[in-house]
Amino acid sequence: MKWKTNNLLFIHVTRIVAFLILTFSIYLFFAGHDDPGGGFIGGLMTACSVLLLYLTFDKRKIDEMLPINYVYLIPAGLLIAFGTGFLGILFADPYLTQYFDYFTLPWIGEFELATAVLFDVGIYLGVAASALVIIVTIAGDE
Amino acid sequence: MSFLHWAILIPFLFAIIVPMLYKYIRPVHTGWFILIVPSVLFVFFLPYINPVADGETFMETVPWVPSLGINFSAFIDGWSLLFALLITGIGALVVLYSIYYLDKKYEDLTNFYVHLLMFMGAMLGVVLSDNVIVLYVFWELTSISSTLLISYWYHRDASINGALKSLNITVLGGFAMLAGFALLYVMTGTFSIQEMIGQAGGVIDHPLFLPTIILILLGAFTKSAQFPFHIWLPDAMEAPTPVSAYLHSATMVKAGIYLVARFTPLFGGAPEWFWIIAGGGLLTLLWGSLSAIRQKDLKGLLAYSTVSQLGMVMCLLGLGSAALYFDDANELYTVAILAAVFHLFNHASFKGSLFMTAGIVDHETGTRDIRALGGLMLVMPATATISLIGAASMAGIPPLNGFLSKEHFFMAITDATEYGIFNMETAGMLFPVIGWLASVFTFVYCCIFFFKTFAGPFEPERFAKKVHEAPIGMLISPAVLGLVVVIVGIFPNLLSQSIIEPSMAAILQGLPTDAEAFTVDIEHWHGFDLELFMTIGVVGFGSLLYLAMGKWRKLSIYNKTTDPFSPVYDSGITGLLKGSRLITNVQMTGRLRDYLTFVSAFFLIITIWTMIRYDAFVIDTQNISEISTYEVVLVGLLVISMLALPFIQQRVAAIVVLGFVGFLIALFFVNFRAPDLALTQLLIETVLVILFMLAFYHLPEFRKEKMKASFKWSNALLSFGVGLMVTLIALSAFSYGQGHDFSPVSDYYIENSADLAGGYNMVNVVLVDFRALDTVLEVLVLGVAALAVVALIRLKMKEGDDI
Amino acid sequence: MAFQILLNIVIAIFWMALQGEYTSVNFVIGYVIGLGVVYFLRGSLNETFYMRRVWAIIKLIVIFIKELVVANLDMIRIVLSPKLNVTPGIIALRTDLKTDWEITILSMCITLTPGTMTMDYSQDGRTLYIHSIHMNSTQEVIDDVRNNFERAIQEVTK
Amino acid sequence: MNNLIILPIVIPAIIGALLVFFAKSQKIQRFISVITMTAILFVSIWLSIDVYQNGIQVIALGDWPMPFGIPLVADMFATVMILLSSVVGIFCLFFAFRTIHPNRERFYFYPFYFFLIAGVNGTFLTGDLFNLFVFFEVTLIASYILIVHGSTAFQLRESFKYLAMNVFASMFFVVGVAYIYATTGTMNIAHIGLRVEELGQEGVLNVVAIVLLFVFAMKGALFPLYFWLPRSYTGPPAVVSALFVGLLTKIGIYAIIRVFTVIFNHEISFTHNIILILAGLTMLVGVLGAVAKYDFKSILAYHSVSQVGYMVMGLGIFTPLALAGAIYFMVHHSIVKAGLFLFSGVAEKITGTTDIKQMGGLLKTHPAFSWLFFVTAMSLAGIPPLAGFFGKFTLIVPGLSEGHYVVVAVSLIVGLLTLFSMMKIFSYSFWGRQKHSASQAKIKTRDLLVAISPFVVTTIAMGLAAEPIFSYFLDMAHELLDPSIYIESVLEE
Amino acid sequence: MSIVVGVSFMVGTYLIMARSLLSVVIGLNMLAHGSHLLLLTMAGLKTGAPPLLDRPETAFSDPLPQALILTAIVISFGITAFTIAIAYRTYKVYQTDDLEQLRGSPDE
Amino acid sequence: MLSLIEILISIFVLLGSFLSLIGSLGIMRLPDIYSRMHAATKSATLGVVLLILGTFTYFLGEGIFSLQLLLTIAFVFLTAPVAAMIISRSAHRNGVELWGRTKHDELQESYPEHLEPERENEKVERP
Amino acid sequence: MFEAIMQVGLIIFSISLALCVWRALKGPTLWDRVVALDSFGLNLIGFIGIIMILQSTNAFAEVVLVLGILAFVSSVALAKFLERGVVIDRDSH
Ligand code: NA
Ligand code: NA
């Protein structure tokens with residue numbers, strides 16, 4: 001028994017909203033060091049935006065749209081996060097030592113570069129992918 | 001590593017190569033190679049006789065685990081030398097016998113000889129070790145190898161049962177003995193027997209003395225099949241006969257005797273020691289001889305006879321220990337020790353030969369049932385002759401060696417009435433009476449053994465196979481032992497100086513060895529004294545009893561062959577199985593609810609107890625911050641939502657309420673200034689709600705729980721208790737912490753987040769920098785969970801796909 | 001295509017706003033991120049976008065806000081009156097609007113304005129099923145929707 | 001600072017992640033696994049030597065001063081445990097190659113394997129209480145999936161209970177952490193130890209200690225908190241059971257020993273007596289389960305419960321010898337029980353069942369297997385001169401000298417019942433009439449036995465060469481009994 | 001706050017002793033909530049502003065427990081997700097969510 | 001005394017709270033799910049929007065332009081109708097009863113025969 | 001004064017939240033509960049808005065936005081689930 005559903009409103013709103021959420025999630029990720037947010041929250045938000053797409057459309061369409069195997073993103077994220085830790089060893093410091101500095105470039109102004117951000121990228125990937133994998137796998141079971 | 005160490009280890013080393021010998025040199029019976037070991041060792045032990053007889057002892061020490069005080073010290077004195085010679089000498093004979101007994105075509109010789117060699121080494125280890133722990137190591141190895149030898153025909157249920165029974169009982173004793181040794185260590189600070197003997201006085205007066213000797217004697221009594229632990233020995237007769245002859249009559253069962261004698265210098269003189277050993281031995285003597293009469297199985301009869309004879313030796317050791325009470329080498333006491341040592345040797349000789357002849361009978365006729373046997377004297381004259389010598393010696397017929405030791409036994413127990421210690425004036429009369437009675441029974445079963453087997457008409461049709469005399473090779477070993485019986489019977493003083501005196505000196509260590517009492521001179525004739533009359537009585541009454549057998553053989557007690565204590569053991573085992581099943585199933589119900597009930601109850605009990613014990617409940621009301629109205633409402637909402645959860649009947653409703661709870665908690669995080677937490681909580685709650693729906697779409701609605709009201713209430717009460725305790729401890733812990741002005745670690749983060757870590761969101765800085773490991777690990781957990789979900793959902797295997 | 005470029009710019013601006021610094025750098029970063037986002041989700045856009053009619057939009061917004069306020073006053077009246085003074089019902093409304101976007105906006109407006117709420121579409125998407133709590137005059141409801149919103153939306157998308 | 005300490009954690013974690021990419025290739029996975037496990041083993045050995053020669057090694061992760069960052073601390077105790085996990089890990093790996101179904105390998109068996117090792121090693125090395133919780137969770141999530149990996153009906157049913165009970169315990173771990181933070185204001189174990197010492201372990205601190213004991217006792221499967229263990233260990237493949245018994249319950253015991261030597265060591269007459277009581281009950285109840293059961297793996301699983309009792313008994317007695325004995329027992333038990341679980345796999349491979357009543361006569365058809373099993377079983381039962389004997393012996397002697405007669409008596413009775421139940425397996429499965437078919441009798445087990453034999457050899461060697469082990473372990477026990485060494489080493493970093 | 005913590009532990013404990021799989025999962029979730037709130041409470045509530053340094057405040061609430069809770073939340077999320085999956089698979093295989101029927105035989 | 005901006009904020013806040021309360025009261029009082037949706041979408045939405053405007057104003061007064069808050073407003077407007085529609089549609093398709101005094105149900109008729117959900121109160125008038 | 005007004009706002013919102021909880025617990029249909037959850041989320045936004053004013057921090061601006069997003073996502077997911085028993089279609093069109 002299947003309803004033929006006209007999801008006009010839903011689809012159209014999602015088209016706008018999903019983009020905003022995705023952007024917002026990336027913002028959350030970068031904001032993390034100074035404002036609420038960070039790799040973790042950003043990752044989950046990203047997962048939510050993709051999730052919204054799954055909710056609106058169907059699995060096949062999203063899989064076509066995003067031909068990514070999320071499963072591989074999990075170890076990738078972990079490798080980045082664990083790998084960043086080795087930077088400390090390169091500088092003869094303990095594992096997981098983070099470095100940062102403020103740089104001033106003409107035209108751009110002062111900005112901060114921190115290895116912690118790279119670490120956070122790993123977190124972000126791992127979390128986003130994990131959340132998606134969990135949901136999509138369970139949803140995909142017949 | 002000295003020769004003594006090698007002597008112990010060689011059998012083990014040889015055992016390792018046996019499988020290869022068996023595998024690659026099939027034409028030669030493996031036994032011939034094995035025979036080398038005991039023979040060579042026997043020859044090497046012989047030269048010790050002279051120096052030991054001169055009072056020398058040898059101690060060789062190799063450190064094994066010195067940190068724990070465990071040294072592989074080999075010690076040889078008269079007593080251990082006697083055993084070493086028995087083990088190797090009889091060992092050689094038994095191996096020789098086994099070569100003919102076990103057919104290399106049909107039998108798995110590997111197992112047999114590996115275990116036999118293991119046993120031999122272990123037994124040498126027991127008697128040559130000075131360190132009690134090393135002794136214990138070998139002690140247990142004898143139990144294990146004995147078990148394996150009994151189970152040699154492991155496809156038979158009887159073999160398995162016999163093996164397990166012997167293992168259970170002897171290891172029970174072994175473990176007790178280990179505890180006893182540990183207690184000795186607690187008392188003396190050493191594991192060396194000789195060093196302990198040096199501090200003997202302190203041991204006897206120690207409050208732990210009684211438990212110690214009880215534990216150690218448990219080891220000795222179980223091993224030496226003393227009443228009521230003797231029940232394993234008859235069942236052990238399922239072993240191949242060479243094993244019975246070797247382990248279960250000549251050597252292993254005497255390990256308990258060895259141990260008691262070995263510890264006599266340490267414990268001797270104490271009334272507890274005296275009574276337990278002498279009394280236990282006496283009881284065993286009586287019980288064993290009585291039971292032996294009832295046996296219908298040749299080996300069963302011999303087994304009970306062994307029980308009885310070992311009881312006798314044990315009893316003698318107990319009586320002899322009195323010498324140490326007086327610190328006096330008076331012959332009044334030492335004769336008991338003399339009798340013990342002498343009889344120990346004699347028993348090994350005649351019982352070994354009897355077992356072997358019984359084995360021959362079994363081997364040649366296919367049966368050991370006394371009721372089926374008879375008249376074999378004509379077809380198996382050699383076997384019959386050897387049996388006659390052995391049985392006569394056992395019955396105490398002069399001039400055989402059994403007679404001599406039995407005489408000394410009578411002498412010792414009649415002397416006991418004169419001790420004047422430990423209430424012996426009154427109770428002492430029991431000894432000669434019981435001893436004499438038991439000797440009568442002994443005489444009777446010796447008659448049964450010999451006459452029922454060999455006398456009477458021979459009816460070949462009663463046997464499954466054609467009966468003829470055993471091959472000569474099989475007869476050599478029993479014949480040699482029979483010869484020993486005769487020679488020692490005629491020239492007993494061959495042993496006096498070489499074996500008996502040094503052994504007595506070892507057992508009564510500390511007493512002046514040059515004393516008159518240590519000069520052993522065994523004579524056949526010492527006048528018409530009480531002992532002689534007792535012997536005559538034994539023969540007379542025994543003959544009468546045997547002749548009257550037709551009368552009493554119909555008694556039901558005669559026809560019941562099972563030992564009354566066997567059912568006790570059996571029901572013990574069944575009870576153990578049933579009881580453990582009951583106890584296990586009461587807890588391991590398979591119900592998660594039960595498990596959690598136990599766990600919560602335990603949590604409650606233990607925390608409440610600690611709370612009360614340490615009077616730990618403190619509430620510092622000053623530190624409870626003021627609460628706004630809206631917070632009260634929020635708390636109320638959260639509490640209501642949570643409390644509603646158990647009452648919800650629709651699963652989606654539960655999921656929705658779960659969402660409420662999550663959202664409210666996020667609100668609390670906001671209220672308590674934790675934006676990151678609020679964000680995380682919201683995100684996770686949403687994902688969880690979706691997950692719940694995905695997963696539980698298929699599930700049925702909650703059913704009305706049909707629980708008993710009491711059940712429901714106990715659950716509610718437990719839950720309430722858990723909640724309450726968590727809260728109470730929390731309040732107390734918080735108030736306690738507020739009462740101490742430890743500077744919180746967090747100040748450091750507040751001061752340094754921006755400057756040292758370059759971030760302004762402290763929570764995030766803590767996460768990615770101060771405690772980055774936590775963070776990467778938490779993502780690891782999440783990642784593993786995700787991979788796990790994939791594996792869980794997609795991988796579907798059946799039981800038995802792999803192992 | 002135009003919509004996508006627009007969206008991209010919107011994202012870039014959005015980015016700057018989030019950063020709180022309206023610098024060109026932030027715009028470029030935002031644009032690059034937006035590029036990624038749009039590229040990432042491009043599959044969901046299969047429509048083209050028409051030029052805006054700013055004025056029409058403002059007019060639409062004004063009508064919308066007015067209706068929203070009325071709706072809330074209406075709600076206050078209903079909720080606070082001691083007797084429940086509602087006569088609900090579901091009616092079908094055939095709209096003249098053509099494109100999906102128009103209908104989307106219409107249905108949103110219907111939901112947020114007095115007494116009506118879009119519940120479903122017909123398969124062709126041209127008939128809206130509307131739940132109303134003032135069903136005393138069905139035609140009035142329909143006319144209201146037609147006059148107020150349909151026209152305003154058509155103005156915008158004309 | 002010594003970056004070596006991170007390797008036993010980070011190597012398996014990274015390799016575990018890496019192996020996900022190669023999930024479809026059996027060969028690559030196996031190849032990388034062996035190389036990695038070997039590397040971890042070498043690191044462990046190296047670290048052990050380092051610690052032995054230079055004392056406690058500490059690394060403050062992120063270069064933050066103590067007690068603000070997370071330290072990893074390698075003392076003798078930790079390095080022994082690391083070494084143990086590496087040894088068990090590498091031995092089991094070879095068995096896994098020979099028995100694990102290719103489908104399991106495709107679904108991340110090896111990644112989970114390495115994540116488990118990472119979690120376990122982290123548990124041993126961390127010097128931060130909350131980080132300990134996190135490592136526990138890493139270990140547990142890996143264990144959850146390994147226990148249910150394959151999703152057979154039995155596995156699902158029992159692992160749900162396993163999971164529920166462990167999550168329950170984990171929540172109380174967080175509770176314990178909260179209490180600790182409320183009372184001491186820090187998370188660093190050494191720092192907590194210092195502050196508890198300053199406070200004198202009074203009042204509510206003891207309740208906190210008991211809460212933590214409750215948590216760890218649940219993870220370590222002490223009575224009456226062990227219910228999750230027996231059945232969940234019988235469901236998964238033999239190699240997983242072996243790995244679990246070798247590593248998983250040990251983390252609970254490890255945590256108990258760590259916390260009750262470094263932090264809560266001032267009210268021994270109370271806390272350690274409770275530990276002793278629990279130890280006695282655990283031994284007894286566990287072994288009764290083993291006596292009652294007739295399933296090869298069940299018997300082994302119940303023994304595992306029972307033997308947990310011995311390990312904490314040593315802590316309860318709290319003398320150098322007893323602690324050395326307890327840790328020796330942990331090591332011995334890991335080795336011997338892992339081996340036995342693998343043997344159960346072999347038996348299952350031959351007979352197709354784990355019900356010992358349906359087995360018989362294995363001694364006739366597979367003598368080498370039988371005798372190897374027998375030796376291992378005897379070691380478990382504490383028969384000298386194998387390792388199990390020394391484990392038992394070194395608990396009995398200090399137990400008696402400290403006057404804990406009852407628990408010593410219980411431990412001896414339990415030893416007897418252990419032997420009884422191991423002989424039950426031996427007599428039903430190996431003795432008796434052959435019950436498996438002629439074709440089953442021909443099943444070759446040589447490869448499997450080669451994979452198990454390191455366990456057997458180790459348990460023999462640990463007995464015969466007990467001296468170097470004990471002289472080392474006694475040093476370790478002295479180190480443990482003087483928490484100031486640990487505290488100072490960490491806080492000075 | 002302690003009341004909320006107590007109630008969540010109470011409800012959580014009650015629910016995990018229920019018969020249905022879903023109840024157990026929800027119960028575990030409640031316990032998790034309780035433990036997180038407890039951690040927050042134990043750090044002392046309301047001692048300052050949110051731990052963000054670029055704001056003008058000078059007194060902040062304790063950031064460490066917040067970080068710990070965050071970690072704990074994430075972990076319990078992972079575990080809960082997995083628990084849900086197991087419960088789901090268990091139901092699929094056994095066609096029951098009744099733990100009473102998932103006891104197994106006493107001889108295992 | 002209150003400054004001007006504080007008065008403005010207070011108005012926003014009070015009005016917003018009041019409307020939200022109206023929304024919740026509506027959810028409580030109105031007779032069926034469909035009518036309740038009206039309250040939820042109209043009042044609650046406007047209430048929240050007003051309140052966030054108040055908050056926005058507050059921070060504007062502090063010199064902070066919080067785009068997040070503005071975005072929230074947009075978001076609420078965008079999503080409220082969608083949620084309302086999906087919820088009510090799903091309720092209707094699953095046979096959730098309309099209030100007894102409901103006049104028409106033209107939606108029911110549009111359903112294909114086999115999908116028509118059963119409703120207990122069939123007395124709903126059908127034109 | 002200003003603070004008092006904010007407190008009044010909070011109390012009004014608390015009541016509002018309570019009403020949502022009441023509806024969620026009462027039902028009677030699942031959809032009622034979902035509606036309750038949806039407006040609960042909306043009310044929370046308002047609530048946090050006031051707290052932001054009271055605590056004088058914009059630290060929760062992100063929270064407010066996320067809450068707006070999530071209330072929507074979860075309501076939609078729930079409703080979709082209730083409608084057809086699936087949350088994510090495999091292939092719907
Ligand atoms: Na985190
Ligand atoms: Na857990």
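Small disclaimer: the values here were computed from a predicted structure and weren't measured. Naming convention: chains lettered A, B, ... in sequence-line order (proteins, then strands); numbering from 1 in each chain.
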Q. Can you say whether D/Glu198 sits under 4.5 Å from chain B via the side chain, the backbone, both, or neither, judging by heavy atoms?
A. side chain
Q. Mind checking whether B/Phe602 and D/Phe223 have ring centres under 6.0 Å apart?
A. no
**Q.** Check: D/Trp431 side chain, B/Trp153 main-chain N or O, donor-acceptor pair, under 3.5 Å
**A.** no
Q | Side chain to side chain, B/Tyr154 and D/Phe430, heavy atoms closer than 4.5 Å | A | no
Q) Contact part of D/Arg195 toward chain B, heavy-atom cut-off under 4.5 Å: side chain, backbone, both or neither? A) both
Q: Please identify each residue that fulfils side chain to side chain contact (heavy atoms under 4.5 Å, CB included) with B/Phe598, with sequence neighbours left out.
A: B/Gln587, B/Asp594, D/Phe227
Q) Do the side chain of B/Lys796 and the main chain of D/Ser151 share a donor and acceptor less than 3.5 angstrom apart? A) no
Q) Non-hydrogen atoms of chain B under 4.5 Å away: do they reach the side chain of D/Ala17, the backbone, both or neither? A) neither
Q. Which atoms form the tightest heavy-atom contact between B/Thr584 and D/Gly289, and what is the distance?
A. OG1-CA, 3.3 Å
Q. So, do D/Phe393 and B/Tyr136 have ring centers that fall under 6.0 Å from each other?
A. no
Q | Centroid-centroid under 6.0 Å between D/Trp64 and B/Tyr749 rings | A | no
Q) Which pair of non-hydrogen atoms, one from D/Ile145 and one from B/Ala791, has the smallest distance, and what is that distance? A) CD1-CB, 4.0 Å
Q) Do D/Tyr179 and B/Phe734 have ring centres separated by under 6.0 Å? A) no
Q.
Would you say the rings of B/Phe175 and D/Phe389 are close, in the sense that their centroids are separated by under 6.0 Å?
A. no
Q. Between D/Glu137 and B/Val781, is there a donor-acceptor pair closer than 3.5 Å when you use the side chain of the first and the backbone of the second?
A. no
Q. For D/Phe109, is it the side chain, the backbone, both or neither that has a heavy atom under 4.5 Å from a heavy atom of chain B?
A. neither
Q | Smallest separation among heavy atoms of D/Gly345 and B/Ile803, with atom names | A | O-CD1, 3.1 Å
Q. B/Tyr185, B/Phe603, B/Phe138: which one forms the most heavy-atom pairs within less than 4.5 Å of chain D?
A. B/Phe603
Q: For D/His101, enumerate each residue passing the ring-ring contact (aromatic ring centres under 6.0 Å, His included) test, keeping only those at least two apart in sequence or located in another chain.
A: none
